[in-house]
Number of protein chains: 2
Amino acid sequence: MRETKDRILDALECVLIESGPAAATLETVAARAQVSKGGLLYHFGGKEALFNGLLDRLRELGAKDASTQNDRGALAAYLATSSRAEDAYTRTLLASMRLIGTPGIDVENAIADSLDHWADVLATTIDDPLVRRLVMLVGDGLYLRALLGAQRRPLDDDLVGLIESLATR
Amino acid sequence: MRETKDRILDALECVLIESGPAAATLETVAARAQVSKGGLLYHFGGKEALFNGLLDRLRELGAKDASTQNDRGALAAYLATSSRAEDAYTRTLLASMRLIGTPGIDVENAIADSLDHWADVLATTIDDPLVRRLVMLVGDGLYLRALLGAQRRPLDDDLVGLIESLATR
DNA sequence: GTCTATAATCGGATAGAC
DNA sequence: GTCTATCCGATTATAGAC
């Protein structure tokens with residue numbers, strides 16, 4: 001069976017995305033991961049440690065994503081990722097966003113870093129820093145909509161085309 | 001002295017923005033508003049009612065904003081608003097965003113409506129629906145950054161210029 | 001490494017005085 | 001309309017068995 005620690009973090013993501021931070025009690029998360037409260041507390045010393053565990057995973061996945069997609073069409077990849085919640089990275093990011101404002105952990109910085117790391121990836125494709133910032137903001141907007149739970153309608157091809165025409169002019 | 005109800009909602013906004021939803025207990029909010037827990041509960045029957053009170057305020061301010069800024073340069077107004085947290089509307093919106101994922105109240109819809117109402121305002125300025133969607137997403141991105149607490153650097157004039165050139169082409 | 005039981009705390013909500 | 005006192009349930013965390 002998969003590492004218990006990972007299973008617990010998966011469970012945390014589920015609970016956060018489905019029911020929000022208030023529902024993410026130790027007991028609920030433990031039950032979802034099929035361990036007892038005590039079992040969970042063996043792996044994560046407390047609630048803060050649990051949440052920080054999620055942020056660690058976010059940083060990990062972010063780094064992996066960056067190295068992978070450096071070569072592919074970065075722009076298309078970025079816009080696609082922002083509007084899709086199926087891949088592990090986006091799931092973790094969305095779950096982490098539910099923790100914004102939790103005292104004692106630096107969610108905001110972890111997320112901002114995670115978003116900003118795309119700027120480096122995009123730099124290989126888009127020369128104009130102004131256009132790059134525009135594209136970043138569009139991506140951020142897509143993430144906000146995803147956070148609001150908007151049905152994840154894939155970005156119109158037309159809109160992608162418009163953005164690409166800017167990126168390559 | 002200002003209406004107690006309003007003072008309580010002001011206090012709620014402060015607590016939410018400064019310390020997040022977990023810190024927004026009845027006691028903390030009441031203290032900040034300089035009333036007792038009992039006093040707060042006289043005006044809002046419970047926690048859900050309190051939170052819904054904030055969403056009501058959001059809808060109210062949104063409607064007011066819409067009618068006011070219909071005539072001005074809507075695009076510039078929108079982009080400016082998104083990146084500023086001083087005005088009442090943006091404060092309320094940012095505070096409401098901290099409630100995303102709270103069970104029992106429909107924060108997500110209230111916020112999505114609030115953001116979408118700008119689409120109508122922008123329609124008076126931007127004909128192309130594609131460009132309009134692009135501008136909306138940029139605005140959404142600015143709000144996400146504001147939620148993350150990014151120092152609210154005013155949007156570069158250059159970027160506004162780029163967007164305006166799209167809007168009027 | 002995982003469990004059960006329990007201690008200690010905190011937060012929401014009620015009742016009733018003023 | 002506002003306060004204090006109180007109750008009750010939920011939640012975090014600890015202790016110790018297996």
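To find a chain, count down the sequence lines: A is the first, B the second, and so on, and within it residues start at 1.
Between the side chain of R132(B) and the main chain of I126(B), a donor-acceptor pair closer than 3.5 Å is present. Within the 3.5 Å criterion, the main-chain N or O of A110(A) finds no donor-acceptor partner in the side chain of S114(A).
Here dT4(D) is the nucleotide among dT2(C), dT4(D), dG1(D) with the atom lying nearest to any side-chain atom of S36(B). The side chain of V35(A) sits closest to dC3(C) out of dG1(D), dC3(C), dG1(C).
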Is there any protein nitrogen or oxygen under 3.5 Å from a nitrogen or oxygen in nucleotides 12-15 of chain D, and what are the pairs?
| residue | atom | partner | partner atom | Å |
| --- | --- | --- | --- | --- |
| dT12(D) | OP1 | K47(A) | NZ | 2.9 |
| dT12(D) | OP2 | L26(A) | N | 3.1 |
| dA13(D) | OP2 | K47(A) | N | 3.2 |

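Electrostatic pairing of R59(A) and D56(A) counts as a salt bridge here, judged by a charged N lying under 4.0 Å from a carboxylate O.
When rounded to the nearest whole Å, the span between CZ of R7(B) and P of dG1(D) equals 13 Å. Whole-Å rounding puts the L40(B) CG to dT4(D) P distance at 14 Å. To the nearest angstrom, C1' of dG1(C) lies 11 Å from CD1 of I8(A). Atom OH of Y42(B) is separated from atom P of dT2(D) by 8 Å (rounded to the nearest Å).
The CZ atom of F51(A) sits 6.0 Å away from atom CG of L12(A), with the distance rounded to the nearest 0.5 Å.
Contact annotation: T4(A) reaches the phosphate of dT2(C) (side-chain N/O to OP1 or OP2, under 4.0 Å).
Between I8(B) and A33(B), the shortest heavy-atom distance links the atoms CA-CB, 3.8 Å.
Side-chain contact between L93(B) and I111(B): present, with at least one pair of heavy atoms (C-beta onward) separated by less than 4.5 Å.
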